Structure formats: structure tokens, C-alpha cells
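From a predicted model like this one, the values you see are computed outputs, not experimental measurements. Every chain is numbered from 1 and lettered A, B, ... according to where its sequence line falls, protein lines coming before strand lines.
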Amino acid sequence: MFTFESQGRCLTVAEAREWQQEMAGQIVCRDEVRDVHTVAGVDVGFEENGSVTRAAVAVLDFLTLQLVDFTIARLPTCMPYIPGLLSFRESPAVLAALQQLTVQPDLLLCDGQGRAHPRRFGVACHVGLLSGIPSIGVAKQRLCGEHDTLPVEKNSIVALMDDQQTIGYVLRSRTGIKPLYVSIGHRISLTSAMYFVQESLAGYKLPEPIRWADGLASNRGKIVEKASRILERSI
DNA sequence: GCGACAG
DNA sequence: ATCTTGTCGC
């Protein structure tokens, strides 16, 4: 029986799944977002053969989509990747990174699923609930649910259905490129989630906040340097 | 039993 | 996620 450490307790895989089902009931699917001035991208990468988890949070001004702050947190990896339990592996480092921020984000765009999860509790829900910050899940691959054929044209959208419910939307952010799977994380409606994701796009497959977090999490030297220069310049 | 399976 | 160069296409 495999067990792992989470929030100071040792959990079995079965207990983790039960906890997700309970916490899913705490998720707020209504809009509690107000005056969104800053939107943050959240992503995680690994170092040292996976023994170190590296979380990055990039805060952007929502109107200009310019970087205004970022943090990186490195923690020892607490458990392996298990489909459906990704958030237990990534959340600790993400929450640590969020607490290091100077500029507080009004909304989080997380790399991964939100409610489009078998137990309706993907990493975006987990991070949103524990941080209290409204959040959205933006995944590059599907975890669950089905959907109609998506036109190859940019801006095409189809509903992601599971168990008779619309759990998210599949969005083609660029013509001919694999789509994004958008679902709510916490304290926001699916309609608003789609609005914020689309407004955060700037010609690339991924929303700008996540593009930054992606580069910072995967520790691409060029990007870390670029981000650092932008910040010291804004002081 | 078999296939699916975020990052 | 991560290991990795060049290459096809808009």
C-alpha cells in the first residue's frame, strides 16, 4: 500500500481520493472575481531527476499582459505522478511560491485541469481552495470527459461533457494546433473562465501568464533572466 | 480482462 | 514532467 505526506498527514491513495470528493463540495462555481487587475500563471517543473519540485508563479497586468512579478519555489518532491492525484504532487510547491509574491494576483490560471477531473477536483481547484484565490484550470491534454469534433480553426469551442454535465470547454487557441481544456478551479463561473482565458491570449497556444510560468518552471535560463530584468527595471 | 490516464 | 536537433510551415 503506497502512502504519501500531505498537509502534515500521511495518506493512502484511497484516502486522497476520498478527500478530493469531500473538498470538491467546497468549490464555488459562481463568480466571486471582482476588478481583475492582475492574473497569474502557475506551473510546475522538476529538477535533479525529479527529486526536486520547482513551482513558478508569474503575475501579469491583465490589461497590458506585461509581467509585474514572479516567484519560484523549490521543494523536495513528495510523491510520484498518479493520474487524478496530480495536485497532491504539485500543490505544496505552488502554495509556497504564492506566499513569496510581492504583488497579489486577483486570478490564477493553472496549468492542468480544474473541475474537468474524475472527482471534480483537479489541481486548479486544489490550489484555488487552499489559497482562496479565484482560479481556472487550463490543460494541454484531456483527463476525462468527451466532446464533439473541434473545428481546426482558431477560436473554435466545444463543450467538454462528462456524466451529463458540462465540466469545461475545449478551446482551439491557434489554427491547426492541439486545443486547450478549460475548466473552473474555484470562485468563478465557467463563462467568466473562458472570458479570462481568451483575453489572456496573445497569439500563442498558451495564455501569456502560463507561458511565463512555463518558462520559469522549466528553468529556461533565457526566460528567467528576461523576467529578472523586467522586474528590476520596474522598481 | 482491456484500455485510458492532467503534469 | 523529462531526455533532445533539426526541420517543416505560416
Side-chain angles (χ1 to χ4, degrees), chain A residues 2 4 6 13-14 16-17 20 23-24 27 41-58 72-95 97 108-129 135-147 152-155 160-163 167-186 193 197 202-207 209-223:
Chain A
F2 175 69
F4 58 92
S6 180
V13 168
R17 294 197 177 112
Q20 290 183 316
M23 299 311 275
I27 292 300
V42 176
D43 193 24
V44 172
F46 297 87
E47 303 175 357
E48 313 296 323
N49 290 312
S51 61
V52 172
T53 298
R54 175 190 174 104
V57 176
I72 292 173
R74 304 167 81 258
L75 265 64
T77 300
C78 59
M79 63 173 283
Y81 166 68
I82 299 175
L85 298 184
L86 172 72
S87 65
F88 287 92
R89 173 173 160 89
E90 304 192 337
S91 294
V94 170
L95 295 172
L108 303 178
L109 295 190
C110 304
D111 187 311
Q113 314 290 350
R115 219 184 157 211
H117 175 281
R119 290 168 293 284
R120 307 290 180 266
F121 202 71
V123 64
C125 298
H126 194 135
V127 171
L129 194 61
S135 62
I136 298 169
V138 180
K140 299 181 292 297
Q141 298 218 53
R142 184 193 67 85
L143 174 60
C144 69
E146 315 89 42
H147 63 83
V152 299
E153 290 75 32
K154 175 184 178 182
N155 294 330
L160 179 60
M161 309 293 292
D162 192 33
D163 192 46
I167 58 175
Y169 283 119
V170 186
L171 166 67
R172 186 89 68 184
S173 54
R174 287 197 67 179
T175 297
I177 284 184
K178 296 200 30 166
L180 260 28
Y181 295 81
V182 181
S183 59
I184 71 162
H186 185 44
V197 167
Y204 295 91
K205 172 181 181 176
L206 297 174
I210 291 185
R211 285 189 68 218
W212 272 108
D214 219 42
L216 294 168
S218 52
N219 200 9
R220 285 185 259 164
K222 296 280 191 178
I223 294 180

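Each of dC5(B), dT2(C), dG7(B) was ranked by its minimum atom distance to the side chain of Pro83(A); first place goes to dC5(B).
Asp111(A) comes within contact range of the sugar-phosphate backbone alone, with a heavy-atom separation under 4.0 Å but no base atom that close. The residue Tyr81(A) sits close to a base: some heavy atom pair falls under 4.0 Å. Using a 4.0 Å heavy-atom criterion, one finds that Gln113(A) contacts the bases of the nucleic acid, with or without backbone contacts as well. Within the 4.0 angstrom heavy-atom criterion, base atoms lie near Leu85(A). Residue contacts shown for Gly45(A) are limited to sugar-phosphate atoms, with no base heavy atom under 4.0 Å away. Residue Gly84(A) is in base contact, counting any heavy-atom pair closer than 4.0 Å across all strands shown.
Looking only at side-chain heavy atoms (C-beta outward), Lys140(A) and Asp111(A) come within less than 4.5 Å of each other. Within the 4.5 Å cutoff, the side chain of Gln20(A) has heavy atoms near those of the Ser87(A) side chain.
In summary, the side chains of Thr77(A) and Thr53(A) do present a donor paired with an acceptor at a separation below 3.5 Å, with no hydrogens or angles considered.
Checking the phosphate oxygens (OP1, OP2) of dA6(B), no side-chain nitrogen or oxygen of Arg142(A) falls inside 4.0 Å. Taking only side-chain nitrogens and oxygens, Lys140(A) never comes nearer than 4.0 Å to OP1 or OP2 of dA6(B).
Checked against the 6.0 Å centroid threshold, His126(A) and Phe88(A) count as a close aromatic pair.
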